[in-house]
Amino acid sequence: MILACQNISKAFGTDTVIANASFHIEEHEKTAIVGINGAGKSTLLKIIVGELPPDSGEVIIAKGKSIGYLAQYQPKEGTGTIYEEVLNACEDLIKQEEKLASMEAEMQHVVPEELEHFMERYHRFRQSFESLGGLTFRSEIGGVLKGLGFTPEEFDKPVADLSGGQKTRVALGKLLVTKPDIILLDEPTNHLDMESIAWLEGYLMNYKGAVILVAHDRYFLDRIVTKVVEIAGHKAMTFVGNYTAYAKKKEEQREALLRQYYNQQREIRHQEEVIAKLRSFNREKSIKRAESREKALEKIERLERPTEERADMRIALEPAMTSGNDVLSVEKLAKAYEKNLFSGVDMELRRGEHVALIGSNGTGKTTILKIINGIVEADEGTVKLGTNVQIGYYDQEHQNLDSAKTLFEELSDAYPNLDNTRIRNVLAAFLFTEDDVFKRIADLSGGERGRVSLAKLMLSNANFLILDEPTNHLDILSKEILEDALNSYTGTVLYVSHDRYFINRTAHRILELKQEQMIEYLGNYDYYLEKKDTLEAAILADRSTPTAEEKPADTQGKQGWEEMKRLQAAQRKRENELKKIEDQISAEEEKIGELQKQMADPAIAANAAEQIRLHEELTGHEETLSELYERWEVLSLEEQG
């Protein structure tokens with residue numbers, strides 16, 4: 001055990017946040033702390049690192065163990081460059097490096113009779129320096145910064161010129177290079193793109209120390225953690241496994257409690273009926289027996305009915321009007337600002353599709369959404385909407401909210417036919433409860449305004465939803481409510497997101513904006529990961545032959561795009577043929593089963609001619625089945641790449 005929290009309690013005024021929470025962390029263990037917004041997750045991290053004192057209880061850290069903490073909101077100071085800021089975190093190693101250099105310079109002047117003793121001290125110091133990573137820490141800093149999304153050209157950029165999100169990434173880099181025994185991270189993925197998140201996953205999975213995470217990124221948690229500590233109802237409960245295992249056990253636990261509750265309620269009703277019957281006899285013995293049963297019933301500890309969290313806040317989305325089959329057609333789209341973002345982008349969406357647009361930060365994903373919505377003009381290309389298409393657009397930067405109104409007024413004025421309960425339930429699904437609904441829009445933070453805009457959009461009757469990072473600022477339960485709503489939505493959805501769990505649950509197709517081009521994947525995020533390297537390699541190989549000198553750049557781009565479309569068409573053809581063969585295999589197996597059943601019939605067994613006919617027919621189907629299996633195996637191998 002490297003860390004233990006024993007009976008931790010914390011309240012702010014009359015508001016209890018945590019009460020008697022206890023759990024422990026083993027050495028090298030990766031643990032997630034989960035709970036709804038406001039449950040006390042960040043408060044608990046601050047208590048562990050000593051930023052907040054607990055009202056009662058204690059935090060025990062194993063002797064000699066160091067602890068590092070990345071808060072959700074970072075102080076914005078920093079005077080040097082990005083590289084210098086992270087290098088400063090390695091102050092102890094820099095001092096040892098300087099001392100080592102000093103000893104090496106001093107070595108030339110040591111008198112012979114003291115040289116042996118000096119060299120022993122030097123070698124011991126050097127070994128200690130090397131064991132702490134003294135020979136590699138500078139290159140590791142470069143690796144960490146690249147992993148967190150900084151290019152080598154940006155290493156010399158002043159920290160003072162960075163955005164808040166970039167400064168948070170620098171703070172994360174400083175923490176990682178110090179390699180504490182225990183790392184505490186509060187929402188570390190908030191300002192990272194997909195590639196950086198994937199890098200951080202690998203880093204933390206292989207990290208030799210213990211890691212405690214607060215994060216709403218369920219895919220991230222699934223990949224890293226082996227234990228989940230849930231903060232709910234002010235209490236802490238520990239579950240072994242990753243996030244998905246926790247969610248499954250949590251649901252099983254709720255179902256078991258619900259069965260216990262119903263069983264107890266059934267027993268209580270039965271006892272009440274028996275008591276009423278005994279009293280109806282109106283005899284001394286029966287009345288005494290009734291009174292005895294009543295006393296026993298009073299002693300029963302009544303179970304409370306377990307409630308499904310936010311069960312009444314499910315959002316039903318349904319377009320007011322059905323669009324045509326062709327919803328969106330984008331051809332040869334191009335846009336450049338200081339540098340070229342993308343060119344020659346083609347995209348088509350059909351009714352009912354849910355499509356995720358992904359790519360690294362700065363590739364132009366949000367710009368494409370704005371072009372489709374007419375907010376930004378394309379440099380080249382066309383955007384065509386289909387028949388009866390009505391767009392509902394969620395843009396974090398341009399939210400059409402009235403600052404003078406309250407949250408409740410914003411929704412009730414926009415949708416006057418909705419009753420108060422429906423409006424409150426939708427706002428609660430996006431974390432606005434009780435008196436929060438009477439806050440003015442002007443008093444909300446940027447994240448809160450985003451959640452109001454999303455709630456407002458969810459009530460619209462649009463048949464084509466375009467969403468830019470819809471899960472930002474949502475807790476896990478709110479994300480699940482949004483996912484369920486989108487999955488039941490019969491309209492068309494196009495969204496930009498870096499939430500891989502959300503993409504996995506809601507996307508039918510993925511479009512990746514990469515190297516100024518669009519690459520299509522016909523599945524969810526897991527499918528994208530499976531096919532990504534194969535498809536990219538094929539496209540890049542096609543682009544590299546012939547060479548740039550032999551072919552103009554625009555022709556190369558066209559060739560690459562055509563090759564990508566050819567590969568995707570071939571992929572779809574294989575998938576369709578596989579499905580067709582699998583259906584044929586099922587039909588043949590069913591037919592063989594029927595023939596075998598007929599041959600086993602005693603009436604037919606006595607008829608030699610019928611037996612011969614059935615046997616010949618069975619042999620033919622078995623040969624066909626064997627051929628189908630061979631074709632299926634060949635196609636399966638091709639599909640695996």
Side-chain angles (χ1 to χ4, degrees), residues 32-41 187 189-190 197 213-225 228-233 237 239 241-255 257-258 306-318 354-356 358 392 394 422 424-433 436 447-448 450-459 465 467-491 493 495-508 510 524-526:
I33 298 178
V34 304
I36 63 171
N37 281 5
K41 305 183 296 295
E187 295 292 355
T189 64
N190 273 2
I197 292 171
L213 287 166
V214 170
H216 290 149
D217 187 329
R218 295 156 292 173
Y219 202 96
F220 184 73
L221 295 180
D222 263 355
R223 293 266 293 158
I224 295 169
V225 306
V228 174
V229 176
E230 181 196 50
I231 307 295
M237 184 174 290
F239 297 80
N242 63 8
Y243 178 82
T244 297
Y246 147 76
K248 183 179 178 182
K249 288 172 188 172
K250 181 75 176 171
E251 181 58 24
E252 289 171 353
Q253 190 181 79
R254 196 193 75 83
E255 289 175 357
L257 290 172
L258 200 58
T307 56
E308 183 181 353
E309 293 166 301
R310 304 185 185 175
D312 58 343
M313 299 174 195
R314 303 297 168 188
I315 306 168
L317 295 178
E318 198 55 44
H354 294 180
V355 179
I358 68 171
Y394 172 74
R422 171 70 169 155
R424 274 186 167 274
N425 283 347
V426 171
L427 284 170
F430 291 97
L431 315 181
F432 298 109
T433 58
D436 288 344
E448 288 172 326
R451 299 205 310 267
V452 176
S453 292
L454 196 53
K456 189 175 177 182
L457 179 63
M458 291 299 99
L459 290 170
L465 298 180
L467 313 173
D468 191 3
E469 295 290 0
T471 61
N472 277 9
H473 312 293
L474 298 184
D475 69 0
I476 288 174
L477 280 172
S478 296
K479 289 180 182 182
E480 290 172 351
I481 289 168
L482 178 60
E483 287 162 2
D484 291 340
L486 291 180
N487 285 336
S488 63
Y489 178 62
T490 57
V493 184
Y495 62 80
V496 167
S497 179
H498 69 269
D499 186 330
R500 297 158 300 166
Y501 203 99
F502 177 79
I503 295 170
N504 241 5
R505 282 205 67 201
T506 58
H508 306 156
I510 289 176
N524 63 7
Y525 188 78
D526 284 341

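Values below: all heavy atoms of this structure, side chains included; hydrogens, waters and symmetry mates excluded.
Under a 4.0 Å N-O distance rule, the pair Glu483/Arg218 qualifies as a salt bridge. Between Arg254 and Glu251, at least one side-chain N (NZ, or NE/NH1/NH2) sits under 4.0 Å from a carboxylate O, which counts as a salt bridge.
Proximity of a side-chain donor or acceptor of Asp222 to a complementary backbone N or O of Tyr243 within less than 3.5 Å is detected. Side-chain atoms of Asp526 do not come within 3.5 Å of backbone N or O of Asn504 as any donor-acceptor pair.
Rounded to the nearest 0.5 angstrom, Arg422 CZ and Leu427 CG are separated by 10.5 Å. A distance of 13.0 Å separates CZ of Arg500 from CG of Asn524, quoted to the nearest 0.5 Å. Between Arg505 atom CZ and Tyr219 atom OH the span is 15.0 Å, to the nearest 0.5 Å. Here Asp217 contributes atom CG and Ile476 contributes atom CD1; the two are 9.0 Å apart, rounded to the nearest 0.5 Å.
Within 6.0 Å of NZ on Lys248 lie no more than 12 heavy atoms contributed by other residues, nucleotides or ligands. Counting heavy-atom neighbours within 6.0 Å of Arg223 CZ, excluding the residue itself, gives a total of 12 or less.
Residues Ile231 and Ile33 form a side-chain contact, since some pair of their non-hydrogen atoms from C-beta on lies under 4.5 Å apart. Contact of the His498 side chain with the Ile358 side chain is not registered, since no non-hydrogen atoms from C-beta on lie closer than 4.5 Å. Looking only at side-chain heavy atoms (C-beta outward), Leu465 and Tyr495 stay at 4.5 Å or farther from each other.
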Exercise for the section: Under the side-chain contact (heavy atoms from CB on, under 4.5 Å) rule, what do Tyr394 and Lys456 come out as? Steps first, then yes or no, please. Expected result: CA-CA 9 Å; Tyr394 172 74; Lys456 189 175 177 182; over 6 Å; no
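Residue Val493 forms a side-chain contact (heavy atoms from CB on, under 4.5 Å) with just one option from Leu467, Val355, Thr506, Asn487, and that option is Leu467.
For Ala215 against Leu221, the heavy-atom pair with the smallest separation is O-CD1, 3.5 Å. When every heavy atom of Gly241 is checked against every heavy atom of Val228, the shortest pair comes out as O-CG2, 3.8 Å. When every heavy atom of Ile503 is checked against every heavy atom of Ala356, the shortest pair comes out as CG2-CB, 4.0 Å. The two residues Val34 and Lys41 come nearest to each other via the heavy atoms C-CD, 3.5 Å.
With sequence neighbours excluded, the residues that form a ring pair (Phe, Tyr, Trp, His ring centres under 6.0 Å) with His354 are His508. Among residues two or more places apart in sequence or in another chain, the side chain to side chain contact (heavy atoms under 4.5 Å, CB included) test is passed with Thr471 by Lys479, Leu482, Ser497, Asp499, Phe502.
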